[in-house]
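Just below is one structure, and these are the notes that go with it.
Side chains are part of it too, since the values below use all heavy atoms of this structure and drop only hydrogens, waters and symmetry mates. If you're wondering where the values come from, they're calculated on a predicted model, not measured in any experiment.
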Amino acid sequence: MHINSNELVDLDKVLAFAREKHKGHLRLDGSEYITHPIRVSELVRKYKPSSNANILAAGALLHDVLEDTYTSYRELKDLFGEVVASLVMEVTSSTYVPKLIGKQLYLAHKMRYMSSYALVIKLADRLDNVTDISALPEEKLKKTFFDTIYMVNYIENKRILTDAQSNLIKAIRERLNTINEQFAFTNKGLVQYTDIDQD
């Protein structure tokens, strides 16, 4: 994705929009949903310093609005520009394909072909999701745990990763190891690579 680094994004406006769109939505722990996009945005800034930092931060703040709220691509494009809208579209999941092939495989394939910036946002999203687990029922946590292992193994095997992406995956793996120490989902060390779906 070619990005004009001179493109200006008003992050205060982006945050206000995201906050309004997610108004009334809560995380499982009862906190306002907007806390999640804010944390994802902070992770993106931490792991991907860039001259396009505002564009990336905007994509992170808005990453769930197309999927979870009554927001259209045109609305995002008109308000924040085509680049930001396209990033959000890239990280938005289909409503029907995961039902056909399974969410785990769908997300792994989707992440394989994302633009570099979109993948940074998606990995930051996943890192926050495996960090913010206090309110997850154990069965959902277990599914998230194994789905995440599959996804990071898959994209490590299927695409060349930037330093930012590799560092995010390292942080995800460290978090998965911490979860495994607590819940003992597997009695082996976390698999670094997978032989699943070696097409």
What are the two closest non-hydrogen atoms of [X] and [Y], and how far apart are they?
X	Y	answer
V120	A164	CG2-CB, 4.4 Å
M114	V91	CE-CA, 4.0 Å
A60	S41	CB-CA, 3.5 Å
E156	I169	OE2-CG2, 3.4 Å
Y150	A108	CE2-CB, 3.6 Å
S72	L66	C-CD2, 3.5 Å

- Do L107 and K122 come close enough that some side-chain heavy atom pair is under 4.5 Å?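 Contact flag for L107/K122 side chains = yes.
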
Under a 3.5 Å distance rule, please check whether [X] uses its side chain to pair with a backbone N or O of [Y] as donor and acceptor.
X	Y	value
D125	I121	no
T178	E174	yes
N177	R173	yes
E32	G24	no

- Could you tell me if the ring centre of H36 sits under 6.0 Å from that of H63?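 Ring centres of H63 and H36 closer than 6.0 Å.
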
- Does the ring of Y154 carry K158 above it, NZ/CZ under 6.0 angstrom from centre and within 45° of its axis?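 Yes.
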
- Consider only side-chain heavy atoms of I, L, V, M, F, W and Y, link residues closer than 4.5 Å, and tell whether V130 and F183 are in one cluster.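 Linked, V130 and F183 end up in one cluster.
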
- Can you get from Y96 to I101 by hopping between Ile, Leu, Val, Met, Phe, Trp and Tyr side chains that sit under 4.5 Å apart?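 Yes; I101 is reachable from Y96 via cluster members.
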
- Item | Any residue meeting ring pair (Phe, Tyr, Trp, His ring centres under 6.0 Å) with F17, in chain and number order, not counting sequence neighbours |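 If we apply the ring pair (Phe, Tyr, Trp, His ring centres under 6.0 Å) test to F17, skipping adjacent residues, the hits are F80.
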
Result block: side-chain N/O donor-acceptor pairs under 3.5 angstrom for residues 136-146, not counting sequence neighbours:
unit_1: K143; atom_1: NZ; unit_2: D147; atom_2: OD2; d: 2.6
unit_1: T144; atom_1: OG1; unit_2: K140; atom_2: O; d: 2.9

- Which residues pass the side chain to side chain donor-acceptor pair (under 3.5 Å) test with Y33, sequence neighbours left out?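 Partners of Y33 by the side chain to side chain donor-acceptor pair (under 3.5 Å) criterion, ordered by chain and then number, come out as D64.
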
- Is any NZ, NE, NH1 or NH2 atom of the basic residue among R39 and D132 found under 4.0 Å from an Asp or Glu carboxylate oxygen of the other?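 A salt bridge links R39 with D132.
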
- Residues E82, R74: salt bridge by 4.0 Å N-O rule: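 No, E82 and R74 are not salt-bridged.
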
- Message: Quiz question: by atom type and distance under 3.5 Å, do the side chains of S86 and Y73 form a donor-acceptor pair?
- Response: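 Result is yes, a qualifying pair exists.
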
- Query: If you measure only the distance, is there a donor-acceptor pair under 3.5 Å linking the side chains of T35 and R27?
  - Reply: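 No, because no side-chain N or O of T35 sits under 3.5 Å from a partner of the opposite role on R27.
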
